[in-house]
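The structure appears right after this line, and notes come after that.
Quick caveat: nothing in here was measured; it's all calculated off a predicted structure. Counting convention: from 1, in listed order, for ligands and their atoms alike.
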Amino acid sequence: MDDVETTIRDSDADALAEEVRTGLQKTPKALSSRFFYDAEGSRIFAEIMRSPEYYLTRSEYDVLDTYKADLLRLITSDNRPFELVELGAGDGLKTKILLGFFDSQRADFTYAPVDISADALEGLVVDVRKQWPDLPLNPRHDDYFSALEHLSSETDSRKVVLFLGSNIGNFAPDEAIAFYQQLHDRLKPGDIVLTGFDLQKNPAVIHAAYNDRQGLTRAFNLNLLRRINRDLEADFDLAAFDHYETYSPETGEARSYLVSQKTQIIDIRALGMRVPFQEGEIIHTEISRKFNRSQIEHLAQQTGFSLTSWFSDDKGYFADVIFTR
Ligand code: AVI
């Protein structure tokens, strides 16, 4: 396990180096939000999920809590044991509702959480073992795409893939399609994907969720520069960058940026690179897409799935949707 961990951390470091090398030479400059989740980033994200403005987690929690029995009925409709594969499990706060309920109903299943943050995954495994010592666990420290490669090689049980939290919103539209096509290829007929989609709503509500008053999203975004300083020996001065968020109700995209507060040159020693910034110049760091029902139906249709169930909260803020292979 230690060797595997080291290999993953090395390939993470290589991927970050490549992202910074290419992303900071683009116009406009861009870095992927995939690199937000070091230990500190995961810790800040956990705080964001508890903040008053970040309605996504509470809304999805409500949906799963309200419909957990319906979900179990659907999942076990073929009387087979199932493998609950969770992509991007994080701290598993919402999944624990399902785990607790499924366990109380003596459902026959294995929980297989996958996360790119080793720290988040370790925390989750310790927690789940403590709360449900008899629950079969099969954790994987990996990114989503490589985790999918392993899906088909495993057991014969029904696969139930959880992709919660509107993580799908962090993909560009073409990546989202490629992702579900890949899922479709890896899964067998009757397997299920349960995806959490943040829905389009009053733009002010969405904008506030990414521009919280405590400054958590700001710290989350700036932490990417701290990580680059540490991992790639760079000298970003965090005080010389600001967080800026936009939400366009026309495209349904919330976008995060880091904005240089002055003209400056950043030295990235591990890459032998010096990167100039103009005052006001941006680095685009994240897309968080919001969906409407027809876009979700279209996604299922385009990638060969059938949309078989739709569960949403009272306010209509968030939907957990079942695609069946
Ligand atoms: C993980 N992901 C769904 C979050 C989102 O809402 O896009 C990450 C996040 N970024 C800023 N706040 C939360």
Side-chain angles (χ1 to χ4, degrees), residues 30-61 63-64 86-95 113-117 119-121 123-124 143-145 147 162-173 175-176 179 194-201 203-227 241-248 251-259 283-291 296 299 313 317-321:
L31 294 170
S32 165
S33 59
R34 159 172 181 220
F35 297 98
F36 280 164
Y37 302 91
D38 63 354
E40 179 62 3
S42 300
R43 190 195 64 71
I44 303 172
F45 182 49
E47 273 195 66
I48 289 175
M49 289 194 287
R50 290 191 292 268
S51 74
E53 292 93 342
Y54 197 76
Y55 60 84
L56 286 79
T57 311
R58 280 186 304 280
S59 306
E60 187 167 43
Y61 193 98
V63 174
L64 298 178
E86 181 168 24
L87 301 177
D91 69 358
L93 176 73
K94 290 150 293 178
T95 322
V114 176
D115 206 282
I116 46 170
S117 163
D119 304 280
L121 190 65
L124 173 62
D143 65 41
Y144 307 143
F145 282 99
L162 299 181
F163 195 40
L164 304 179
S166 206
N167 286 345
I168 183 63
N170 299 133
F171 288 4
E175 286 173 338
F179 182 73
L194 176 66
T195 310
F197 291 94
D198 192 20
L199 301 176
Q200 293 174 6
K201 59 185 69 61
V205 172
I206 295 172
H207 187 258
Y210 295 88
N211 210 26
D212 62 283
R213 290 212 271 173
Q214 266 178 280
L216 293 168
T217 316
R218 180 175 191 281
F220 185 56
N221 201 5
L222 282 165
N223 180 58
L224 182 57
L225 301 183
R226 184 179 292 120
R227 177 175 187 182
F241 285 85
D242 207 355
H243 164 71
Y244 183 70
E245 187 71 28
T246 62
Y247 174 68
S248 161
T251 62
E253 279 180 8
R255 297 172 76 89
S256 297
Y257 300 93
L258 290 162
V259 186
I283 311 176
H284 173 232
T285 53
E286 186 175 51
I287 284 188
S288 300
R289 268 204 304 153
K290 312 300 164 193
F291 299 81
I296 296 170
L299 178 64
D313 59 317
Y317 274 13
F318 201 96
D320 283 283
V321 181

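Note: Asn170 CG to Phe36 CZ = 8.5 Å, rounded to the nearest 0.5 Å. Put simply, CZ on Arg50 and CD on Gln214 are 10.0 Å apart, with the number rounded to the nearest 0.5 Å.
Ring-plane geometry between Tyr317 and Tyr55 is classed as perpendicular, the angle between the planes exceeding 60 degrees on a 0 to 90 degree scale with a lower cut at 30.
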Where does ligand 1 get N/O contacts under 3.5 Å from the protein, atom by atom?
unit_1: ligand 1; atom_1: 2 (N); unit_2: Asn170; atom_2: OD1; d: 2.9
unit_1: ligand 1; atom_1: 6 (O); unit_2: Tyr54; atom_2: OH; d: 2.5
unit_1: ligand 1; atom_1: 6 (O); unit_2: Tyr210; atom_2: OH; d: 2.6
unit_1: ligand 1; atom_1: 7 (O); unit_2: Asn170; atom_2: ND2; d: 2.9
unit_1: ligand 1; atom_1: 7 (O); unit_2: Ser288; atom_2: OG; d: 2.6
unit_1: ligand 1; atom_1: 10 (N); unit_2: Glu286; atom_2: OE1; d: 2.8
unit_1: ligand 1; atom_1: 10 (N); unit_2: Glu286; atom_2: OE2; d: 3.3

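The side-chain hydrogen bond (donor to acceptor under 3.5 Å, both in side chains) search around Tyr257 returns Arg255, not counting sequence neighbours. Glu175 is linked by a side-chain contact (heavy atoms from CB on, under 4.5 Å) to Phe171, Ala172, counting only residues two or more places apart in sequence or in another chain. Under the rule for a side-chain contact (heavy atoms from CB on, under 4.5 Å), the partners of Pro173 that lie at least two apart in sequence or sit in another chain are Arg289.
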